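Because the structure is a prediction, the values reported are computed rather than measured. Chain naming here is simple, since letters A, B, ... match the order of the sequence lines and numbering starts at 1 in each.
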There are 2 protein chains.
Amino acid sequence: MEELRNRTVIEEVRPLVNGGLFPIKRIVGQRVDLDAHIFSDGHDVVSARLFVKHKKDRTWTILPIAHITNDEWTVGFDVPNQGMYSYYIEAWADYALNWQHELDRKVKGGQHVNVELLDGVQYLDYLRPKDAPSKALIKKGKAFFADEEKYNEALDLAFSPELKALFQRFPFQTFVTRTPEYQVWVDREKAGFSAWYEFFPRSSSAVAGAHGTFADAAKRLPYVAEMGFDVVYFPPIHPIGDVNRKGKNNATSATKDDVGSPWAIGSKLGGHKDINPALGTLDDFKKFINSARALNIEVAMDFALQCAPDHPYVKSHPQWFRWRPDGTVQYAENPPKKYQDILPIHFECGDWQNLWKELLSIVIYWVEQGVTIFRVDNPHTKPFRFWKWLIAQVHEKNPDILFLAEAFTRPKIMHELAKVGFTQSYTYFTWRTGKAELIEYMEELTTDQSRQYFKPNFWPNTPDILPYELQQPNEATFLVRFFLAATLSGNYGMYGPVYENMLFQAFPGKEEYMDSEKYEIGRHVWDTRGKLKQVIKMVNQIRKSNPAMHDTFNYRTCTVQNEKLFGYLRSDGKDNHLLCVVNLDPYYAQSGMVLLPLNLVGINIDQSFTVIDLITEASHPWRGEWNYVEINPHGLPFHCFKITK
Amino acid sequence: MEELRNRTVIEEVRPLVNGGLFPIKRIVGQRVDLDAHIFSDGHDVVSARLFVKHKKDRTWTILPIAHITNDEWTVGFDVPNQGMYSYYIEAWADYALNWQHELDRKVKGGQHVNVELLDGVQYLDYLRPKDAPSKALIKKGKAFFADEEKYNEALDLAFSPELKALFQRFPFQTFVTRTPEYQVWVDREKAGFSAWYEFFPRSSSAVAGAHGTFADAAKRLPYVAEMGFDVVYFPPIHPIGDVNRKGKNNATSATKDDVGSPWAIGSKLGGHKDINPALGTLDDFKKFINSARALNIEVAMDFALQCAPDHPYVKSHPQWFRWRPDGTVQYAENPPKKYQDILPIHFECGDWQNLWKELLSIVIYWVEQGVTIFRVDNPHTKPFRFWKWLIAQVHEKNPDILFLAEAFTRPKIMHELAKVGFTQSYTYFTWRTGKAELIEYMEELTTDQSRQYFKPNFWPNTPDILPYELQQPNEATFLVRFFLAATLSGNYGMYGPVYENMLFQAFPGKEEYMDSEKYEIGRHVWDTRGKLKQVIKMVNQIRKSNPAMHDTFNYRTCTVQNEKLFGYLRSDGKDNHLLCVVNLDPYYAQSGMVLLPLNLVGINIDQSFTVIDLITEASHPWRGEWNYVEINPHGLPFHCFKITK
């Protein structure tokens, strides 16, 4: 018969992701607050404690777990360092503390407890302190407990805090229940708070029509930095395939001048570890990374696992592709869409181990060149277990590396990618424009469960998506979509300079840009004059200087009595509280009463306070929960109020 | 590198209890409806199926699982037999079906698919049918797919339902995801639908003051049967300890005439496998069981794991008790309560394996004598793992045996006992008297989670509990508390004949009976004359003849616009619908409008229908959702309406 005498149960440990199969996630400096149901049969005293250890720690830190009520227990711990922490709970029927507790009940009930005291000697015998005072206490206790003459002294000693502390230091554990080891992955701050700016380096030349280089792109960095972005993300910078190269506007045949889609990776000039010579050399790229770093900007690389038909892999490792009976490789397609210029990789092929290791080596290679962030192209069309393995391998040595999942797909797939390790994820924000759907989506993203692993990154546009909402040159709409992205989510980004220059021409009937930079060199205005750009700059400053903006999950919907006004509170839980109210109607002024949950901002119901619009610096005296707001979209279509007492 | 190529994910299988650690429970003839999230990366067709097997089956039954929407899948299966079923899900990216699906999309998109057809030959090669028509189909397919001349015939064959059926019969599985094996425990019907009647056999004699016997008790069976009960439960029938025997009203010393508490088990006359000679012999007990069975009544035995100080175990197996330094065994206590007449068993002792086997042998012994139900005394003061082990051992050979947990304790402990195997549980119903708390409690007991394992048994009173509500001779209150127990829960019971004779004298200030039968022989009226007894009889008949009453979990609160009127629907989901409305005010008539959820009873919003009070046979024409009820507690304090079209 296996050992079954353990009496204690630990259940419903929360939060967990898939019962502990995947780690929960935190940012350095945050806290993990755990709840669990812990109990034993009967009425004996139960003790529980938490063991926590960072992967690099040698020993476990032990924390007591507190019983709150009704067999519900809670404990919290800080995660000051990046990387993986492990933790588990143990609980046991604690007969030493139980002896003390029962003794107390009996003495209070007027019983003479000489036999009970004698019974307590076994618990003293169990203690193993090394300090003299504790040793003396135990010796005295053993003498008193057996001596009717010392009854009162014995009781004093039995109930002494010193003895209780010893019982807690040397827990009397006969049988112990332990949970499995659970994990929390801790990212650096940028995982949860980042402002991305995407542009095509080939469009950065000052010379009309010329293919931009890293050197040209570096000259655009002050512009990006002035607006306040801290991540620059480039579409793939590798050699572009010649075979089946796409022409302008996704034409199936290219002229000899066409530059092709950068996502069609690989040609006779090299593959995923090489650089398109038109952009420069590896050294040029590293120089660009350094120039960006000097402006506190990190460079995100596109990691797109597909190959142009002339990618070197196709010849060197034909076994990594799925060949058709006619000797061709099937190009990527999602009928009726066809991607003739790219071949999918066959992740399940017989030689999968070498394939996966090669793909991992691409990431490692670029990390070695100074890349710290990867925006992963269509991760949802590659196996989850591949990503789990790859990200774990990278994080093993480089916990700094962040991965953004470009997966615009079904919700469970997007969530699974976050569970297996992606740091951030693109979202449906791009298409959430109405008040009700914005509220619903924000509340979904900030549920107790989702927040444990899924960090959104909000984009109003991307090179692939010009949403219908932005297919008209309405400045209020561009302001609103930017402002929502930047103030609803800790991570957000935009595809520029098309966004801030309000490019709105779409391919007819599609959510695609006309004359998309995906297939040709673009030409842009790169200065920060103009309202939209100035507002971007100010909002990025507001984001940086207000801690409430640093964590997506402090979002709270605020009721506004107007279906076009969307209100929300961002609060750091201490003294930084921002109330945003956005007019979703780009044409007409809207007004209404907004309900501020005063309890969340530490203001009494009858107290006067001031809200200051952080853009206009206008201040308003408010009082009570309900206050009036009015927003004319032709001025600024939102308020970003700081609440001050 | 371990095999990682499997692309499919199965998550959130529901229902499960503690993630599958414990079985879910059903009654024979019920159904298990499962949901799960199943998906793969990308867009390939995913297939999933369920494997189910009763413990006695040799082979697994395989059922297809249907995709509903948004990667949510569902499947149901019947559990016609008692005992343990196992089930698991498997899912895979189904390349054969995917080939058919993609072919279809391409043909509809106007593509010429000759290469794709050729590609399909591998899926035909995989099929292994034994019947000639299928073999012919495959042969033809392989010829057509390779023959441009037969292009149209090839397409017809590729899309034929015959081929699809073959693909489903011989699933093309490269890598398969399997869940762990989960379990569902299936009980006989009485597990969920039973009417218990508890009485002290020693109080059943026709002679005043005489110690009743099994023969006397057998003469009371027609009385019990006439009222409609189908389980008779006796307090322990074993020899009662002489040492520290309790006197009347829990006095710490007994006179020589005192009969003692039957829960103080064991004396020189024997222990848990013996019978108190004052009640009769083993043969007498077996005769009683047979007499009961002839009236369709099962006998429930009390299983109380504690020993009087003179129980034979104390001498024969002193190692099974916890000895104190003064050479005594600590009696049971829960300060300030003391149970000097019983010694707790030390479940964690060194000789625990022999101890546990001996305790199991007690149950096995009584099962062999014909006992089919055990009411377990205070199971919450014995280890959960002991119960899990014991019940599994008993059920291994005797899936018929039912266990009722007498655990009036904290909710998580009561739930854990149900999870580890107890069939039914006593509940807080005994103290839930107000409308709001009754609704809250019923909704808690019928949540999706709780219903998977916790079957309540409602008792208005027990020998241990005379609730304050019943400490006054108010007939309406006795009627209401009985009616609520009998119509809210599939399982209910009462402690008689004190209940139906409306004994209400309490020990002052306590919820205990004065002159409790726990410590002395009682004397009762044993006839069915009188309103309360006639109502009990009629309600038990209603319970039996209405399927809606057979399953606790079909309970649905009905809004009534009066805080004293409590309404609820019991519906079998087919054509049996009962609406109960109870007046919780025992003094005054109450009236109000009741809302009947017509969609649940298959009646249109504008349809007239009739409700018939099943007690009075009065019928009322109703129309629409809201109808008027009025209840005078001095007549009958409730309606039990049958809804007829």
Legend entry - Distance under 6.0 Å and angle within 45° of ring axis: A/Arg322 vs A/Tyr331: no

Inset, instruction - Considering only heavy atoms and a distance below 4.5 Å, find which of A/Val9, A/Asp44, A/Asp41, A/Leu4 pairs most often with chain B. - result: A/Asp41

Legend entry - chain A contact via B/Glu416 - side chain, backbone, both or neither, heavy atoms under 4.5 Å: side chain

Legend entry - Option in A/His380, A/Glu72, A/Met1 with maximal non-hydrogen atom pairs under 4.5 Å from chain B: A/Met1

Inset, instruction - Determine, using ring centers only, whether B/Tyr123 and B/Phe172 are less than 6.0 Å apart. - result: yes

Inset, instruction - Flag the one option from B/Asn18, B/Leu21, B/Thr328 with the top tally of heavy-atom pairs under 4.5 Å to chain A. - result: B/Asn18

Inset, instruction - Name the region of B/Asn114, side chain, backbone, both or neither, that has any atom closer than 4.5 Å to a heavy atom of chain A. - result: neither

Inset, instruction - Give, as side chain, backbone, both or neither, the part of B/Thr8 having an atom under 4.5 angstrom from any heavy atom of chain A. - result: backbone

Inset, instruction - Mind ranking B/Asn378, B/Leu417, B/Asp326 by heavy-atom pairs under 4.5 Å with chain A and telling me who comes out on top? - result: B/Asp326

Legend entry - Donor-acceptor contact below 3.5 Å, side chain A/Tyr453 vs main chain A/Phe22: no

Legend entry - Among the listed options A/Val115, A/Ile413, A/Thr381, the residue most often paired with chain B at heavy-atom distances under 4.5 Å: A/Val115

Inset, instruction - Please indicate whether A/Gln353 has more than 12 foreign heavy atoms, meaning atoms of other residues, nucleotides or ligands, lying under 6.0 Å from its CD. - result: yes

Inset, instruction - Look at the aromatic rings of A/Trp99 and A/Phe145 and report parallel, tilted or perpendicular, splitting at 30° and 60°. - result: tilted

Legend entry - Residues A/Arg324 and B/Asp119 bridged, charged N to O under 4.0 Å: no

Legend entry - Interface residue of largest heavy-atom contact number with chain A, from B/Phe347, B/Trp389, B/Phe386, under 4.5 Å: B/Trp389

Legend entry - Residues A/Glu12, B/Lys412: salt bridge by 4.0 Å N-O rule: no

Inset, instruction - Please state whether the side chain, the backbone, both or neither of B/Lys388 comes within less than 4.5 Å of a heavy atom of chain A. - result: neither

Legend entry - Side-chain donor-acceptor pair present, B/His415, B/Gln449, cut-off under 3.5 Å: no

Inset, instruction - With a 4.5 angstrom heavy-atom cut-off, could you sort out which part of A/Asn6 is near chain B: side chain, backbone, both or neither? - result: both

Inset, instruction - Using the salt bridge (charged side-chain N to carboxylate O under 4.0 Å, His left out) rule, take A/Glu11 and B/Lys419 through it: C-alpha gap first, then chi angles, then the decisive distance, then the call. - result: CA-CA 12 Å; A/Glu11 288 184 345; B/Lys419 290 175 182 176; 3.1 Å; yes

Inset, instruction - Determine, for B/Asp35 against B/Arg14, whether the closest basic-nitrogen to carboxylate-oxygen distance falls under 4.0 angstrom. - result: no

Inset, instruction - Flag the pair B/Trp92 / B/Phe175 as yes when their ring centroid distance falls below 6.0 Å, and as no otherwise. - result: no

Inset, instruction - Please state whether the side chain, the backbone, both or neither of B/Glu348 comes within less than 4.5 Å of a heavy atom of chain A. - result: both

Inset, instruction - Look at A/Thr409, A/Asn70, A/Thr174 and state which one has the largest set of heavy-atom pairs under 4.5 Å with chain B. - result: A/Asn70

Legend entry - B/Asp71 portion near chain A, given a 4.5 angstrom heavy-atom threshold: both

Inset, instruction - Could you look at B/Glu3 and say if it's the side chain, the backbone, both or neither that has a heavy atom under 4.5 Å from chain A? - result: both

Legend entry - Heavy-atom contact with chain B under 4.5 Å, split by part of A/Gln122: neither

Inset, instruction - Go through B/Pro325, B/Ala407, B/Gly42 and name the one with the most non-hydrogen pairs under 4.5 angstrom from chain A. - result: B/Pro325

